Amino acid sequence: MKKFINDTVLVEEQMILGMVKAYPRHLKKLDCGNVVVRAEKKEGKVALISGGGSGHEPAHGGFVGTGMLDAAVAGPVFTSPTPDQIYEGIKAVATDAGVLMIVKNYTGDVMNFEMAAEMAEMEGITVKHVVTNDDVAVKDSLYTIGRRGVAGTVFVHKIAGAMAETGADLDKVQATAQKVIDNVRTMGAAIEPCTVPAAGKPGFTLSDDEMEIGIGIHGEPGTHREPVKKADEIVDMLLSQILEDIDYSGSEVAVMINGAGGTPLMELYIINNRVSDVLAEKGIRIHKTFVGEYMTSIEMQGFSISLLRLDDEMKQLLDAAADTPAWN
Amino acid sequence: MKKFINDTVLVEEQMILGMVKAYPRHLKKLDCGNVVVRAEKKEGKVALISGGGSGHEPAHGGFVGTGMLDAAVAGPVFTSPTPDQIYEGIKAVATDAGVLMIVKNYTGDVMNFEMAAEMAEMEGITVKHVVTNDDVAVKDSLYTIGRRGVAGTVFVHKIAGAMAETGADLDKVQATAQKVIDNVRTMGAAIEPCTVPAAGKPGFTLSDDEMEIGIGIHGEPGTHREPVKKADEIVDMLLSQILEDIDYSGSEVAVMINGAGGTPLMELYIINNRVSDVLAEKGIRIHKTFVGEYMTSIEMQGFSISLLRLDDEMKQLLDAAADTPAWN
Amino acid sequence: MADSKKVLKIIQAISLKMEEQKDYLTELDQPIGDSDHGINLGRGFAAVNEKLSGLEGKDIGTILKTVGMTLVSTVGGASGPLYGSAFMKAGQAMAGKEDADITDFLTIIKTAIEAVELRGKAVVEEATMLDAMVPSYQAMEQAVKEGKAAEEVLNAGVKAAWSGAEHTKDLIATKGRASYVGERGLGHQDPGATSYSFMLEEISKVTG
Amino acid sequence: MADSKKVLKIIQAISLKMEEQKDYLTELDQPIGDSDHGINLGRGFAAVNEKLSGLEGKDIGTILKTVGMTLVSTVGGASGPLYGSAFMKAGQAMAGKEDADITDFLTIIKTAIEAVELRGKAVVEEATMLDAMVPSYQAMEQAVKEGKAAEEVLNAGVKAAWSGAEHTKDLIATKGRASYVGERGLGHQDPGATSYSFMLEEISKVTG
Ligand SMILES: Nc1ncnc2c1ncn2[C@@H]1O[C@H](COP(=O)(O)OP(=O)(O)O)[C@@H](O)[C@H]1O
Ligand SMILES: Nc1ncnc2c1ncn2[C@@H]1O[C@H](COP(=O)(O)OP(=O)(O)O)[C@@H](O)[C@H]1O
Ligand SMILES: [Mg+2]
Ligand SMILES: [Mg+2]
Ligand SMILES: [Mg+2]
Ligand SMILES: [Mg+2]
């Protein structure tokens, strides 16, 4: 394992420190742990808090700032933060308007955030939450934990964040977040895995002509393995699974081509070239496209495509000004 | 070689198309080749044009837009574009105020841009140029071609671009660009090489415990090879070479931690943590820090540190609003 | 079966075991999860281990509750809230107790199972730690009913836990990360069921 | 030595050679450059090759100028403007000529060298294509002086070009990308010097 790090046990803290030192105008780190909050606490609005394991940079600290999150809690790499960490974040940003937690659908994240909310409610803080589950690679079913929350979560941060910034109440902000969740779908693929620093070995190995389809964002293997194909064919495969899940025809969408961390922008643009063309063919109008790294898996070489079906309200909130390290 | 591409000969064009399709509000592609210009031509100001080989995404197309470049010309991967391509870019954006070319110091780039300028001048277009050479890895000498232009070039785009946007004349914009060049220094290292699609093989190979010091941005090997060290030690080594070249003590600087394409943000933040601390120790004040991918080498795992010594004018121009895909 | 002093010894033994098996548990988590189960528990039980000296002289309830709270606040992931809740709830059930006999022990395990089921919204046959917990509980309950000695009861429990862990290889997971890989999880042993089996084994060793 | 028809044959032979040696030239560019010299010239001479049929019946000057312009507008990098200028300037020197004797040929080469020196701001011993161009020119000039036949002159040129290319292994480059790697370039043969030697070899083959 070759990485620009100092010590596997210091990765998370030094990363958060380095991030906060890069963006002192936006960010502050709590003394009690790897919790990033806005440099200036914003009163009089619903506070938004998200987070999860580290390794998804710029998520989630990069989305803390005006118009998006108030706090981001970072656990160890790919491991949900603990309830007391999350609770510290909640306490630091909670306002009278209440707190909305944006949680990605993973057993660990959901349980730890739930426990934190229980702690906060005991202290009289009103906490609600939404659970994002945009990954169509995983079949949704009553009997399973359901789909994972992946890159589409960033749209929830942005749009619910913009709604909170207007001074809307907790129910409205929660409903807005849920509307985004209901309308966003994502699917990804990878050609090279990533290595959790503390593990020292990649999460899976692929031979020179293999790729993983349906990857999550924790370096875990996907739903299946296939011979590598041309970018356009991979895009078609992922898009068709997304388009099967929601009928986007005739609607206007936001597109996110999210790099997994090690994928060069060159390839993300080539991917977007095809995504754009296919959507145009299908009569799906593109309101805005986002190409870059939003929700990564350390240095994984992969990408995901997210489509968010927009209505006028979401469009306006998506376009609203935001000022955060990674979205502005 | 595993990459999300369709065909090695289509890489550059499909990438540019995908980029322009992602940012139609900012960008337009000329029909005659891989030249990206502002969606709306800006009259009444000096036109800025830059470019070079492809493979440095988001450079240079990502910096086309209000407050930065007017045109970016993209050659094949790591190969300077040809004079006629550059000339098309010049023609498309030239105004009565003249054209400034921002060229990175490589034999190929300099010669091709010079030939293009000769073509444009024959058509009565006034063209001046600056040559960036921020890479301190390469010793400057009267008898050699001199230092390379690397990530610090992006500061030239930003600051000269902001000056041009004020309506300043060509001499003033050129002088501003030169001032940035005179005050910016960069040095980089890599732990994994990149592969030019058309070559199919990496530019160099490193064993599991080696790194390259003093890399350029074309996937070429650096000045020497060393056993991998801790991130902080690598930072110290690169910074000391930068700080030897210019005396930054007592001054205010802009910092750029530039990812080479495959380096996760996690590591760039850890790197910045050390850079911040060392500069603070040395009494060098940080005006602003930029962490991310600005001038990449496809999927290389590496980074560079750039320090730009600022005066009040440069500070103001650096902070001025810009609206481009990759800088806003 | 165990006084509070022995309970501390058990916890210590479990902590050492988790450290020892860190890499193995992490490896088990690789093909079907995110390669961190051993890292998570290693971190948590290292923290638990540091608390042990401060727990000398405390009752079993306090000890278990403290272990649970420490796990909750250091492990993270799925296993943190699950094992954490399990120990915390078990601690509540043992509040004030200085001694636990085999019946108390069964209560502890039953309470722990309920805590995991509640927090994890899971049942057996979903390829989780419950597939070691539940069958081993049933085996021990049966052994007690048959009047077996504590040592034999625990032996039966350990045996059933390991075969439960083994059985997860035949299951397509419907809870936890392993559910994302679907059929690809077949043939792989659940890390949580494995870590639980190690824990029960340590209990059996220290008390046996 | 060659009429315009033969010149077209030479250009065609060079184009095929560049295609054939594409990978080799690119490999030479790897340790000291950016792994593209063969790709660049391959692209350029493929474009040249497509122009050849349109050049039938044209004079040598026009042919060389067209080759140069095509290289300038398709090769890019350092070698594009250099070889491009070389052919363009040589074409100017041969304007209107239908036939070139060995003296004309020396003029072509001399003009090409001057173009490269001017554009590249380089001289011999900097580990560039000039280290094949200049010594081979000198060898040919000498051979002509000695009254050798065209065939022998070219043989002497080719030999000197290759030994010049070989000699670049002993030089620390001060121009071009190889200058960035400094001493690490020792032992590596310059790709441009190599491509030039191949070109001269083709000229010798077609005319010989
Ligand atoms: N809903 C659940 N109910 C019971 N056990 C679960 C549940 N989800 C996961 N587990 C257990 O947790 C283990 C994984 O723990 P760990 O790797 O530490 O956390 P994470 O899955 O968050 O990375 C699984 O092997 C499984 O035994
Ligand atoms: N200043 C120069 N003068 C003469 N020849 C040069 C100069 N710079 C580079 N070259 C030649 O160009 C060759 C490299 O060409 P190529 O790889 O196609 O371009 P680039 O270096 O831009 O990638 C070198 O091997 C060298 O022979
Ligand atoms: Mg985990
Ligand atoms: Mg090149
Ligand atoms: Mg896990
Ligand atoms: Mg080259």
Side-chain angles (χ1 to χ4, degrees), chain A residues 1-7 10-11 14-19 21-23 54-55 57-58 62 77 189 191-192 194 206 208-209 211 228 230-232 234 255 257 261-277 286 289-293 296 298-299 301 303 325-326 328, chain B residues 1-7 10-11 14-19 21-23 54-55 57-58 62 77 189 191-192 194 206 208-209 211 228 230-232 234 255 257 261-277 286 289-293 296 298-299 301 303 325-326 328:
Chain A
M1 176 184 65
K2 267 200 275 187
K3 283 175 185 285
F4 293 114
I5 61 174
N6 292 299
D7 189 329
L10 294 175
V11 160
Q14 292 190 332
M15 169 183 78
I16 298 279
L17 285 172
M19 188 178 203
K21 285 173 193 170
Y23 306 103
S54 291
E57 297 67 33
V77 175
I191 47 177
E192 293 294 345
C194 63
L206 289 170
D208 274 358
D209 59 352
M211 63 177 174
V228 195
K230 284 179 194 289
D232 285 359
I234 302 172
V255 176
I257 311 297
T263 316
L265 267 174
M266 170 187 279
E267 296 171 27
L268 298 182
Y269 290 136
I270 289 175
I271 287 158
N272 185 58
N273 184 45
R274 180 66 179 179
V275 171
S276 266
D277 288 352
I286 299 170
T289 302
F290 301 85
V291 181
E293 296 180 345
T296 60
I298 326 180
E299 81 284 12
Q301 288 189 28
F303 72 97
N328 49 29
Chain B
M1 176 184 67
K2 267 200 274 186
K3 284 176 184 286
F4 293 114
I5 61 174
N6 292 300
D7 190 327
L10 295 174
V11 161
Q14 292 190 332
M15 168 183 79
I16 298 280
L17 285 171
M19 189 177 202
K21 285 173 192 169
Y23 306 104
S54 291
E57 296 67 36
V77 175
I191 48 177
E192 293 294 346
C194 64
L206 288 170
D208 273 358
D209 58 354
M211 63 177 173
V228 196
K230 284 181 193 292
D232 286 0
I234 302 172
V255 176
I257 312 297
T263 316
L265 266 175
M266 169 187 279
E267 296 170 28
L268 298 182
Y269 290 135
I270 289 174
I271 287 158
N272 185 58
N273 184 45
R274 180 65 180 180
V275 172
S276 266
D277 288 352
I286 299 171
T289 302
F290 300 84
V291 181
E293 296 179 346
T296 60
I298 325 180
E299 81 284 13
Q301 288 189 28
F303 71 97
N328 49 29

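The model shown is predicted, which means the values in this text are computed figures rather than measured ones.
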**Prompt:** Is the backbone N or O of B:K230 less than 3.5 Å from a side-chain atom of A:N6, with the two atoms forming a donor-acceptor pair by type?
**Reply:** no
Using a cut-off of under 4.5 Å on heavy-atom pairs, state which of [options] scores highest against chain A.
options                        : value
B:V228, B:D232, B:T263, B:V255 : B:D232
B:L265, B:N272, B:N328, B:I270 : B:I270
B:D7, B:L10, B:L17, B:I191     : B:I191
B:P325, B:G292, B:P264         : B:P264

Contacting region of [X] [heavy-atom separation from chain A under 4.5 Å]:
X      : answer
B:V11  : both
B:V291 : both
B:I271 : side chain
B:I234 : side chain

Please tell me if the side chains of [X] and [Y] come closer than 4.5 Å, counting only heavy atoms from C-beta onward.
X      : Y      : answer
A:I286 : B:K21  : no
A:I5   : B:E267 : yes
B:K2   : A:Q301 : no
A:E57  : B:L268 : no

So, taking the atom named [atom1] in [X] and the one named [atom2] in [Y], what distance separates them when rounded to the nearest 0.5 Å?
X      : Y      : atom1 : atom2 : value
B:Q14  : A:M266 : CD    : CE    : 11.5 Å
B:Y269 : A:I16  : OH    : CD1   : 9.0 Å
A:F4   : B:M211 : CZ    : CE    : 7.5 Å

So which of [options] has the biggest tally of heavy-atom pairs under 4.5 Å with chain B?
options                       : answer
A:T296, A:I257, A:V77, A:D277 : A:D277
A:A189, A:S276, A:G18, A:G62  : A:G18
A:G55, A:S54, A:G261, A:C194  : A:G261

**Request:** Can you establish whether the number of heavy atoms outside B:D208 located under 6.0 Å from its atom CG is more than 12?
**Result:** no
